[in-house]
Amino acid sequence: MSTRYQLISAKELDTGLLQAWRSVQATRAVFQSPYFCPEFTLAVAAVRPDVRVVVIECDGRPVGFFPHQRIRWGRGRPVGGPLSDYHGVLAEPNAEWSLPALMCAARLSVWPFDHLVGDLEQFSAYRRADTSSAQIDLSAGYPAYVQGRREAGSDYIPKTEGLARKLGREMGELRFTFHDLHDDGLTKLMAWKRQQYLRAKTTDVFGVPWTSQLLRHIAAVQTTEFAGVCSVLRVGDRIVAVHMGMRSRAVMHYWFPAYDPDLAKFSAGIILLLRMVAAAAELGVRTVDMGRGESQYKQRLMTGAVALSEGLVCLPSLWGSVLRLRHKAEALQAHGVMSKALLLPLKLVKRIERAQRFR
């Protein structure tokens with residue numbers, strides 16, 4: 001079998017390649033996530049100039065795709081950078097391809113991953129840690145899901161619905177929109193999130209133009225295969241919670257939630273989430289993915305999880321050597337054997353890297 005790798009820009013994905021991409025998506029359940037839809041890669045390419053795709057061909061037929069971002073000095077990132085909750089190589093199960101050859105075709109020496117999905121053996125030598133993404137199974141419908149949570153001993157959903165009734169009594173009628181066509185909800189979400197980042201003294205995700213542009217671009221995409229979902233919960237005319245996410249035919253991904261901090265006692269964000277889950281089930285969505293993390297609400301609402309991996313694909317290079325040294329330093333720090341004199345430079349490097357992730 002002859003394997004060939006072709007590097008193209010995302011905008012060079014023609015009708016034939018898009019059809020092949022969707023065919024590869026259909027071969028594995030993990031590829032059903034909206035992150036693996038070509039529309040997500042094209043959306044990022046619409047707001048960033050560095051999005052590329054390596055097409056893997058076996059005997060002249062496209063059998064795999066590696067969407068990525070390429071920045072200076074041969075460094076790569078998943079498409080969407082730190083906004084990517086799922087990434088990897090989309091390839092048919094029996095496709096023959098080599099990760100070093102793929103990296104060379106992409107002209108990359110380094111490609112870090114922290115939300116790698118699938119059990120592709122090509123990545124086994126590069127994994128450093130395992131985690132998971134919480135999911136809600138809606139294959140039997142929303143009422144069956146609620147009943148299943150009750151039978152599992154969780155009273156989280158009825159308690160949340162009780163808070164929704166209390167919010168309605170005290171503040172006014174609740175109004176839910178699964179996908180709001182107006183911009184005020186998305187604008188409110190980003191304002192709340194920026195305040196949250198400021199309070200937490202963490203990186204302002206929307207402090208760079210391309211991130212907000214990406215959310216607005218995705219919100220405008222409404223197709224059968226892929227759609228942005230900006231859900232809004234209002235009390236009367238007052239916006240009390242907003243969520244911006246996206247969905248494929250079968251999977252909705254929970255992405256950017258925010259709520260009015262003055263109404264925190266009512267759990268408006270969780271009320272909105274449950275409204276979204278019910279509406280998604282009506283549309284035929286079989287899975288709601290709540291993303292990585294062990295938040296209490298995820299533990300109480302999830303029915304299962306998908307495995308994720310963290311690691312670094314690193315070919316011999318100057319930049320690769322720098323990263324390997326940094327990872328050795330982190331290992332020493334974790335075991336408490338690093339000198340205090342080296343801790344400050346390591347913390348400084350990490351802070352710079354966090355700030356640069358969104359550039």
Counterpart residues, side-chain hydrogen bond (donor to acceptor under 3.5 Å, both in side chains), relative to Glu92 (two or more places apart): Arg61
Arg150-Gln147 side chain donor-acceptor pair, cut-off 3.5 Å: yes
Just by distance, do the side chain of Gln222 and the backbone of Ala219 share a donor-acceptor pair under 3.5 Å? yes
Within the 3.5 Å criterion, strictly below it, is a donor on Ser2 or Asp59 matched to an acceptor on the partner's side chain? no
Begin with the C-alpha distance, continue with both residues' side-chain angles, and end with the deciding distance and a verdict on side chain to side chain contact (heavy atoms under 4.5 Å, CB included) for Arg292 and Asp114. CA-CA 10 Å; Arg292 197 176 72 173; Asp114 54 10; 4.1 Å; yes
For Lys193, does the NZ atom have more than 12 heavy-atom neighbours from other residues, nucleotides or ligands under 6.0 Å away? yes
Does the Arg75 side chain pair with the main chain of Arg72, one donor and one acceptor, at a distance under 3.5 Å? yes
Verify side chain to side chain contact (heavy atoms under 4.5 Å, CB included) between Leu83 and Val205, making sure each step is shown before the conclusion. CA-CA 9 Å; Leu83 300 190; Val205 173; 3.8 Å; yes
Are the side chain of Thr3 and the backbone N or O of Glu96 linked by a donor-acceptor pair below 3.5 Å? yes
Which label fits Phe123 and Trp111: parallel for a plane angle under 30°, tilted from 30 to 60°, or perpendicular past 60°? tilted
Main-chain N/O of Cys230 paired to His179 side chain as donor or acceptor, under 3.5 Å: yes
Answer yes or no: is there a donor N or O on one side and an acceptor on the other, between the side chain of Ser248 and the main chain of Gln32, under 3.5 Å? yes
Could you name each residue pair satisfying salt bridge (Lys or Arg N to Asp or Glu O under 4.0 Å) that touches residues 4-14, not counting sequence neighbours? Arg4-Glu57
Does the plane of the ring in Tyr35 sit parallel, tilted or perpendicular to the ring in Phe40? Use 30° and 60° as the thresholds. perpendicular
With Ala241, which residues qualify under side chain to side chain contact (heavy atoms under 4.5 Å, CB included), at least two apart? Leu233, Tyr259, Ala268, Leu272
Kindly write out the residues that satisfy side chain to side chain contact (heavy atoms under 4.5 Å, CB included) with His217, not counting sequence neighbours, or none if the list is empty. Ala43, Ala46, Val221
Determine the sole option in Thr187, Thr211, Val47 for which the side-chain contact (heavy atoms from CB on, under 4.5 Å) test with Arg216 is passed. Thr187
Which is it for Glu225 and Arg249 under the salt bridge (charged side-chain N to carboxylate O under 4.0 Å, His left out) test, yes or no, and what are the steps along the way? CA-CA 5 Å; Glu225 301 293 340; Arg249 280 182 178 268; 2.9 Å; yes
Please check: side-chain N/O of Gln6 versus main-chain N/O of Val55, any donor-acceptor pairing under 3.5 Å? no
Do you know the tightest heavy-atom contact between Arg48 and Trp210? NH1-NE1, 3.1 Å
Test log, rule salt bridge (charged side-chain N to carboxylate O under 4.0 Å, His left out), inputs Asp180 and Lys188: CA-CA 12 Å; Asp180 199 298; Lys188 176 69 76 173; over 6 Å; no
Does Tyr254 have its ring centroid less than 6.0 Å away from the ring centroid of His243? yes
To the nearest 0.5 Å, what is the distance between CZ (Arg275) and CZ (Arg175)? 13.5 Å
Count the heavy atoms of every other residue, nucleotide or ligand shown that sit under 6.0 Å from CZ of Arg70, and state whether that count exceeds 12. yes
Using the test side chain to side chain contact (heavy atoms under 4.5 Å, CB included), find all partners of Val306 that sit at least two apart in sequence or belong to another chain. Val30, Tyr86, Ser133, Gln135, Asp289
Could you label the plane-to-plane angle of the Phe66 and His68 rings as parallel, tilted or perpendicular, counting under 30° as parallel and over 60° as perpendicular? parallel
Decide side chain to side chain contact (heavy atoms under 4.5 Å, CB included) for Val89 and Ile56; before the verdict, give the C-alpha distance in whole Å, the side-chain angles of both, and the deciding distance to 0.1 Å. CA-CA 10 Å; Val89 177; Ile56 306 171; 4.0 Å; yes
Across all chains, not counting sequence neighbours, the side-chain hydrogen bond (donor to acceptor under 3.5 Å, both in side chains) partners of Glu170 are none
Please say whether more than 12 non-hydrogen atoms of neighbouring residues, nucleotides or ligands are located less than 6.0 Å from CD in Gln299. yes
Mind checking whether Leu273 and Leu186 sit in one hydrophobic cluster, side chains of I, L, V, M, F, W, Y counted as touching below 4.5 Å? no
Could you go step by step and tell me if Leu263 and Met171 meet the side chain to side chain contact (heavy atoms under 4.5 Å, CB included) rule? CA-CA 10 Å; Leu263 299 177; Met171 302 292 296; 4.2 Å; yes
